[in-house]
Enquirer: 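I'd like to ask you about the structure that follows.
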Amino acid sequence: MEQLQHILNAYGFNNGVEVKPFGTGLINHTWTIDSGNNKLILQRINHNIFKTPVDIAGNIRLISQYLAKKHPGYLFVTPEKTLQQEDIVFITGEGYFRIFPFVKNSHTIDVVSSTGQAYEASKQFGRFTKLLSGFPAAQLHITLPDFHNLPLRYRQFEKAISEGNPARINEAADCISFLQQHKAIVSISEQIAVNPAFKKRVTHHDTKISNVLFDDHDKGLCVIDLDTVMPGYFISDVGDMLRTYLSPVSEEEKDFSKINIREDYFKAIAEGYLSEMNEELSAEEKNHFVYAGKFMIYMQALRFLTDYLNNDIYYGSKYEGHNFMRAKNQVVLLQKLLEKEPVLSKMITD
């Protein structure tokens with residue numbers, strides 16, 4: 001509590017508030033502040049990952065001003081101001097901090113467990129992008145350079161194959177071969193980047209279900225965790241939803257027989273997202289709806305395997321072969337998606 005008092009002082013909180021750890025986020029540390037008559041969220045931004053937290057604050061401020069003017073009824077959770085009217089506080093030796101209001105009668109979900117939740121979440125991410133369709137996306141700062149740059153991830157993969165751990169390279173030969181055989185997924189992303197039919201929009205870039213606030217009836221309220229909001233293509237948001245909602249198990253699952261593509265969940269994602277974005281997307285973009293899933297799953301498989309070949313320097317590992325297991329998990333998920341691609345594509349066409 002003592003280490004946080006400097007931050008609390010910046011917002012005018014004296015002694016007498018209760019601070020407790022909150023949530024299961026992997027990147028930023030989060031606490032709740034309870035002052036008796038008011039509840040707030042305190043968060044420390046991980047500036048080892050987000051190198052320029054001030055840019056994050058600037059992006060949120062620009063979007064907030066736009067939405068307040070154009071769509072004042074939309075629930076957009078913005079940081080509280082300090083006594084000095086700042087959005088963010090820097091404490092030497094501690095890092096960057098901010099405080100958000102706590103939205104009453106709301107909750108988050110860590111794992112999607114129903115098609116209704118998948119629909120509501122995808123609708124909220126679609127709505128966020130749609131409401132900001134008139135916002136000049138190029139004004140936003142790039143808070144994570146090359147975050148979804150698939151050609152770069154493939155080059156890093158190739159470098160790991162030539163310079164990584166020889167024993168691990170040999171062990172992962174089948175996985176390496178599969179990813180090399182599907183390099184066309186990289187080529188398509190390069191074509192998208194130069195195709196005027198694909199528009200750069202305000203994109204969330206981290207559309208896991210825990211980044212949506214739900215009400216007590218599991219209806220979506222709004223999207224949260226806006227640190228990765230940058231200019232981007234719709235495939236990033238749709239792809240991340242397909243990667244994390246379609247299978248009943250995550251990339252941590254070691255029993256690959258449990259990995260499956262649930263068609264009813266795909267339908268829910270498509271209906272939810274397109275209920276907001278149908279008129280915003282071009283015909284060619286809609287034709288790449290399933291590709292979005294291939295794009296994100298393939299990229300995550302590359303990243304896990306690259307890290308494994310490089311001796312786990314990025315993600316780290318909780319046990320021997322952790323990142324190799326994650327990579328194989330994502331390869332199986334991609335194989336399952338490829339098998340069902342004709343059926344899923346027909347859903348979009350219909």
Side-chain angles (χ1 to χ4, degrees), residues 1-23 25-104 106 108 128 131-132 135-145 147 202-206 210-211 213 221-232:
M1 177 61 185
E2 285 184 18
Q3 66 176 342
L4 298 177
Q5 193 58 51
H6 293 301
I7 296 97
L8 298 175
N9 290 342
Y11 288 89
F13 289 103
N14 300 314
N15 293 328
V17 299
E18 187 178 17
V19 181
K20 293 181 179 179
F22 180 76
L26 299 177
I27 304 301
N28 299 323
H29 287 90
T30 307
W31 300 263
T32 56
I33 302 172
D34 194 338
S35 62
N37 58 357
N38 194 18
K39 196 171 183 180
L40 299 154
I41 295 288
L42 168 65
Q43 195 169 60
R44 176 168 57 196
I45 300 173
N46 187 333
H47 61 274
N48 291 319
I49 292 178
F50 296 101
K51 304 295 186 183
T52 53
V54 173
D55 288 346
I56 293 173
N59 285 353
I60 293 174
R61 186 166 55 250
L62 285 173
I63 292 171
S64 177
Q65 291 168 349
Y66 178 86
L67 290 172
K69 181 179 180 181
K70 298 289 187 180
H71 306 284
Y74 179 68
L75 176 60
F76 187 69
V77 185
T78 55
E80 301 280 322
K81 297 286 188 182
T82 68
L83 295 178
Q84 301 300 319
Q85 295 301 300
E86 296 171 327
D87 301 313
I88 197 169
V89 175
F90 177 72
I91 303 293
T92 303
E94 295 290 341
Y96 293 86
F97 294 79
R98 61 199 171 181
I99 288 179
F100 291 97
F102 187 92
V103 179
K104 293 181 180 178
S106 71
T108 57
F128 177 72
L131 293 181
L132 290 164
F135 181 90
Q139 287 187 8
L140 295 177
H141 296 285
I142 305 299
T143 58
L144 280 178
F147 186 38
V202 178
T203 307
H204 190 283
H205 284 99
D206 188 11
S210 58
N211 284 336
L213 278 187
L221 293 171
C222 64
V223 302
I224 55 172
D225 199 352
L226 305 165
D227 298 348
T228 55
V229 172
M230 301 176 277

Enquirer: Working to the nearest 0.5 angstrom, can you tell me the gap between Gln65 CD and Thr78 OG1?
Expert: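 So the gap between those two atoms works out to 10.5 Å.
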Enquirer: Is there a side-chain contact between Val202 and Phe128 in this structure, where contact means two heavy atoms from C-beta onward sitting under 4.5 Å apart?
Expert: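 Heavy-atom side-chain distance check passes, below 4.5 Å.
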Enquirer: Side-chain contact, heavy-atom cut-off 4.5 Å: Cys222 with Tyr74?
Expert: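 Counting from C-beta outward, Cys222 and Tyr74 do come under 4.5 Å.
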Enquirer: Quick one: CD1 on Ile91 to OH on Tyr96, what's the gap to the nearest 0.5 Å?
Expert: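 Result: 11.0 Å between the selected atoms.
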Enquirer: Test side-chain contact (heavy atoms from CB on, under 4.5 Å) on Ile56 and Arg98; report intermediate values, then the result.
Expert: CA-CA 11 Å; Ile56 293 173; Arg98 61 199 171 181; 3.6 Å; yes
Enquirer: Do Leu8 and Val19 have side chains that approach each other closer than 4.5 Å (heavy atoms only, starting at C-beta)?
Expert: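 When only atoms from C-beta onward are counted, Val19 and Leu8 do touch, with a gap below 4.5 Å.
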Enquirer: What is the distance from atom CD1 of Ile33 to atom CD of Glu80, rounded to the nearest 0.5 Å?
Expert: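 With rounding to 0.5 Å, CD1 (Ile33) is 9.5 Å from CD (Glu80).
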Enquirer: Would you indicate whether the side-chain heavy atoms of Leu140 and Met230 approach each other to under 4.5 Å?
Expert: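 No; the side chains remain at least 4.5 Å from each other.
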Enquirer: For residues Leu221 and Ser106, report the shortest heavy-atom separation together with the two atoms involved.
Expert: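 So the two residues come closest at CD1-CB, 3.8 Å.
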Enquirer: Is any side-chain heavy atom of Leu40 less than 4.5 Å from a side-chain heavy atom of Phe102?
Expert: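 No - every pair of side-chain heavy atoms lies 4.5 Å or more apart.
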Enquirer: Does the side chain of Val223 reach to within under 4.5 Å of the side chain of Val229, using non-hydrogen atoms?
Expert: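 When only atoms from C-beta onward are counted, Val229 and Val223 do not touch, as no gap falls below 4.5 Å.
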Enquirer: Verify, without hydrogens or angle tests, whether Asp55 (side chain) and Thr143 (backbone) share a donor-acceptor contact under 3.5 angstrom.
Expert: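 No.
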Enquirer: Assess whether side-chain contact (heavy atoms from CB on, under 4.5 Å) is satisfied between Leu226 and Asn59, documenting all intermediate values.
Expert: CA-CA 9 Å; Leu226 305 165; Asn59 285 353; over 6 Å; no
Enquirer: What is the minimum heavy-atom distance between Ala137 and Pro231, and which atoms define it?
Expert: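 Minimum heavy-atom contact is O-CG, 3.2 Å.
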Enquirer: Do Phe13 and Ile99 make a side-chain contact, defined as non-hydrogen atoms from C-beta onward lying under 4.5 Å apart?
Expert: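 Yes, close enough: below the 4.5 Å cut-off.
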Enquirer: Taking all non-hydrogen atoms of both residues, which atom of Leu131 and which atom of His71 are closest, and how far apart?
Expert: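 That would be O-NE2, 3.1 Å.
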Enquirer: Report the residues that fulfil side-chain contact (heavy atoms from CB on, under 4.5 Å) with Asp206, sequence neighbours left out, ordered by chain and then residue number.
Expert: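 Expected list: His204, Lys208, Asn211, Asp225, Thr228, Asp240.
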Enquirer: Nearest 0.5 Å, what's the CG-OG1 distance between Asn9 and Thr82?
Expert: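 Between Asn9 CG and Thr82 OG1, I get 12.0 Å after rounding to 0.5 Å.
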Enquirer: Quick one, Thr108 and Ile224 - any side-chain contact, counting heavy atoms below 4.5 Å?
Expert: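 They are in side-chain contact.
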Enquirer: Just jot down the salt bridge (charged side-chain N to carboxylate O under 4.0 Å, His left out) partners of Lys70, sequence neighbours excluded, or say none.
Expert: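 Listed in chain order: nothing, the list is empty.
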Enquirer: Does the pair Asp34 and Lys20 meet the rule for a side-chain contact (heavy atoms from CB on, under 4.5 Å), with working shown?
Expert: CA-CA 8 Å; Asp34 194 338; Lys20 293 181 179 179; over 6 Å; no
Enquirer: Hey, can you tell me if Phe135 and Tyr66 have their rings parallel, tilted or perpendicular (30° and 60° cut-offs)?
Expert: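 The arrangement is perpendicular - the two ring planes meet at more than 60°.
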Enquirer: Which atom pair, heavy atoms only, marks the closest approach of Ala10 to Val89?
Expert: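 Residues Ala10 and Val89, closest heavy atoms: CB-CG2, 4.0 Å.
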Enquirer: About how many Å separate CD1 of Ile63 and CD of Gln139, when rounded to the nearest 0.5 Å?
Expert: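 Between Gln139 CD and Ile63 CD1, I get 10.5 Å after rounding to 0.5 Å.
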Enquirer: Any pair with a residue in residues 57-69 that passes salt bridge (Lys or Arg N to Asp or Glu O under 4.0 Å), sequence neighbours left out, goes on the list, sorted by first then second residue, please.
Expert: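 Matches after skipping sequence neighbours: Arg61-Asp87.
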Enquirer: Compare every heavy atom of Tyr11 with every heavy atom of Phe97, then report the nearest pair and how far apart it is.
Expert: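 Where Phe97 meets Tyr11 most closely, the heavy atoms are O-OH, 4.0 Å.
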Enquirer: At what distance, to the nearest 0.5 angstrom, does CD1 of Ile7 lie from CZ of Phe90?
Expert: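 Going from the CD1 atom of Ile7 to the CZ atom of Phe90 covers 11.0 Å.
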